[in-house]
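Below is one structure; the comments refer to it alone.
What you are looking at is a predicted structure, and each value in this text was computed from that prediction instead of being measured. Within every chain, numbering begins at 1; the chains are lettered A, B, ... in the order of the sequence lines, protein sequences first and strands thereafter.
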Amino acid sequence: MSELTEEMRRHSAAHLTARAVQNVFEDVQVDIGPATDEGFYYDFDLPHRLSPEDFPKIEAEIKRLIALDEPFVRKVVSREECADMLAGQKYKLERLADIPEGEDISTYAVGDYVEMCRGPHVEHSSQIGVVKLTRVAGSYYRGDEKNKMLQRIYGIIAKDQAEMDEIVARAEEAKRRDHRRLGVELDLFHLDPEDPGQVFWHPKGWSIYVTLQDYMREKLVKDGYQEVNTPALMPRSLWERSGHWDHYKANMFITESEKRIFAVKPMNCPGALEIFKSRTRSYKDLPLRLAEFGHCARNEPSGTLHGIMRVRGFVQDDAHIICTEDQIEEEVAKFCRLLKDVYSDFGFDKNLLVKLSTMPEDHVGEVATWQHAEAALAAACKASGMEYAIQEGEGAFYGPKLEFTLIDALGRSWQCGTIQLDYQLPSAERLNAEYIGPDGQKHHPVMLHRAVLGSLERFIGILIEHYAGAFPLWLSPEQIRILPISDKALAYAERTRDALSAEGFRVAIDSSADKLGAKIRAATLEKVPYQIVVGPRDEAAGTISVRSRADGDLGAMTAEALIERLKSEL
RNA sequence: GCCAGGUUAGCACAGUUGGUAGUGCGGCUCAUUCGUAAUGAGCAGGUCGGGGGUUCGAAUCCCUUACCUGGCUCCA
């Protein structure tokens, strides 16, 4: 018998969920219920509207079924037998019809419940462990929005109750770190329901934003980029030439002035090419790396918006590299090095996943060109010591791409960085960018679209959750808070602040009438990295009493000693 | 965009079978001038998301609309 796997247990839990739902409710049509990375789900169609209030009933039934400890029995059946068995189950019958002629059709029975299924499953239901249903959601039949929406129940499993408690605790930790919650608590930003998907950055949030942007600027300059800025509003004629009007119009915010149509840019690439085209270019200008923190707006469907992670107005750490085909490999490798360098500064250096998306069915350009491009991307990965997985046919229609996924402190993965090859946009059919080659002839360059962080909004959302709001010193909006023990120490607190501000630190004074304990509590909850307590004793001795977020009470020291410590930490 | 569930004070939430709103935190004022995670007292703050309906009467029931949440789809 094959080894018992997590997937078998999850998939078996899905079967019992289906069985339980059919035992509890009337007229249940079942579809499919696979295991997922997290747990499992099962899709149903039934007149009753499922809600989390139904979970206890269903869970109790699952528990009862598991306790029966019945064996899962596999049986290979004929198509006719299977159809008989599935009588009345329309989704299952459609799924049966999908199974190619000649392939084995297997069923799994637990007790009196039989289901058509490829398997494999556990041997006995008790091997599943503990099952908990987590949520219910709509889901299109076969994932196609033209089809009927089924009701999907998600669930998770654990070996025993203790493990389940642990899993639930981890989910609560993720909830505690939710950037939407911390963003409000730490006064970083707010979202206005009247203006969905647009972020209002408050002083502290904007401080993080600008600090992050300045950090990237420094990296870009060192890496040979030049920063530019292009208009937020550009005319329809340009979008028609770029192809966006045909392919992306539904996602663009469009406006009109004096009978001319304009659109808010959803991407910066046409702007970059307009700069390239503003004068005659030589092959000696290549590669030309143009970075732009351009504000883009995309009219994302309302259902996809999520906090500051998925918004309609955002800024990417965007850049476009205009180069020759021969330069692709070196430019991609250079980008990979930059990306690794940046990610490691945030502690994302481990488990970086790279995906290479190749030519899709619906594509433009020659197959040979695509193969050459894909090989260049693969070679660049290898050159920078990155392993990659191939996503067959997942590339954009205009070129292949690399996508970089980082893993945060909670072990969750986020796709942020990307580099995409584009033969289309600079071509004669589109924006017609040209340079003069060594041969004196005109040539079309290739364009690389790339971003390390992706959108700053989303990346900051990830950082908030990754750090649980406790930003490293360099990113903290308020690096130091001075807590005078009473008004009598206020003047000394102000002198101390001025000394630290002069060194470039972001410092605030808590001049409220609260007692020291309350001030410490407030600063601690707001995760300020350094707190300085000052009172008459310190003033007399010319020292300050320092508390660090990481190491607690550091005792008395001079302001100079603290400055030295902070500088070494930056 | 689709399905489901939500929306009550700045935030977190109560609000029993319909009888016209409460708690905590926060804010403000006053008092306290205090040495390492919450000083005390008082005050203000809500057309219960918007609109329509049922009813003598709606936060509560119905319809509609906006937004939010969870998924699905999408992410040239």
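The nearest whole Å value for the distance from the CZ atom in Arg310(A) to the C1' atom in rG70(B) is 15 Å. Spacing between atom CD of Glu361(A) and atom C1' of rA76(B) amounts to 17 Å, rounded to whole angstrom units. Per the geometry, CZ belonging to Phe44(A) stands 15 Å off C1' belonging to rA4(B), to the nearest Å. Counting to the nearest Å, the C1' atom of rU73(B) and the CG atom of Asn299(A) are 16 Å from each other.
Between rU33(B) and Lys515(A), no contact under 4.0 Å exists linking OP1 or OP2 to a side-chain N or O. Residue Tyr154(A) has a polar side-chain atom (N or O) positioned under 4.0 Å from OP1 or OP2 of rC72(B). At the phosphate of rG70(B), OP1 or OP2 sits under 4.0 Å from a side-chain N or O atom of His306(A). Within the 4.0 Å cut-off from OP1 or OP2 of rU69(B), at least one side-chain nitrogen or oxygen of Arg180(A) is found. Phosphate contact (OP1/OP2 of rG1(B), side-chain N/O of Ser302(A), threshold under 4.0 Å): present. The side chain of Arg135(A) places an N or O atom within less than 4.0 Å of a non-bridging phosphate oxygen (OP1 or OP2) of rG71(B).
Comment: Arg152(A) engages Asp43(A) in a salt bridge, judged by a side-chain N to carboxylate O separation of less than 4.0 angstrom. A salt bridge links Lys277(A) to Glu274(A): at least one charged side-chain nitrogen sits closer than 4.0 Å to a carboxylate oxygen. The pair Arg537(A)-Glu539(A) fails the salt-bridge criterion, with no side-chain N (NZ, NE, NH1 or NH2) lying under 4.0 Å from an Asp/Glu carboxylate O. Ion pairing between a basic and an acidic side chain is recognised when a charged N comes within 4.0 Å of a carboxylate O; Glu465(A) and Arg412(A) show such pairing.
A gap of 50 Å separates the P atoms of rG35(B) and rG71(B), to the nearest Å. Taking the P atoms as reference points, rA9(B) lies 15 Å from rA21(B), given to the whole Å. The separation of rG15(B) from rU8(B), taken at their C1' atoms, amounts to 9 Å, rounded to a whole angstrom. Comparing the P positions of rU23(B) and rA44(B) gives an interatomic distance of 12 Å, to the nearest angstrom. The gap from the P atom of rC74(B) to that of rC13(B) amounts to 33 Å, rounded to the nearest Å. The P atoms of rC56(B) and rG42(B) are separated by 44 Å, rounded to the nearest whole Å. The separation of rA12(B) from rA66(B), taken at their P atoms, amounts to 24 Å, rounded to a whole angstrom.
Taking only distance into account, the side chain of Tyr140(A) never meets the base of rG71(B) through a donor-acceptor pair shorter than 3.5 Å. For Ser486(A) against rG35(B), no side-chain N or O and base N or O form a donor-acceptor pair under 3.5 Å.
Checking Arg170(A), Arg176(A), Lys175(A) one by one against Glu173(A), the side chain to side chain donor-acceptor pair (under 3.5 Å) holds for a single residue, Arg176(A).
For Gly303(A) and Val184(A), each mapped to the nucleotide of RNA chain B holding its nearest heavy atom, the one lying further toward the 5' end belongs to Gly303(A).
rU16(B): no Watson-Crick or G-U partner with both key distances under 3.5 Å is found in any strand.
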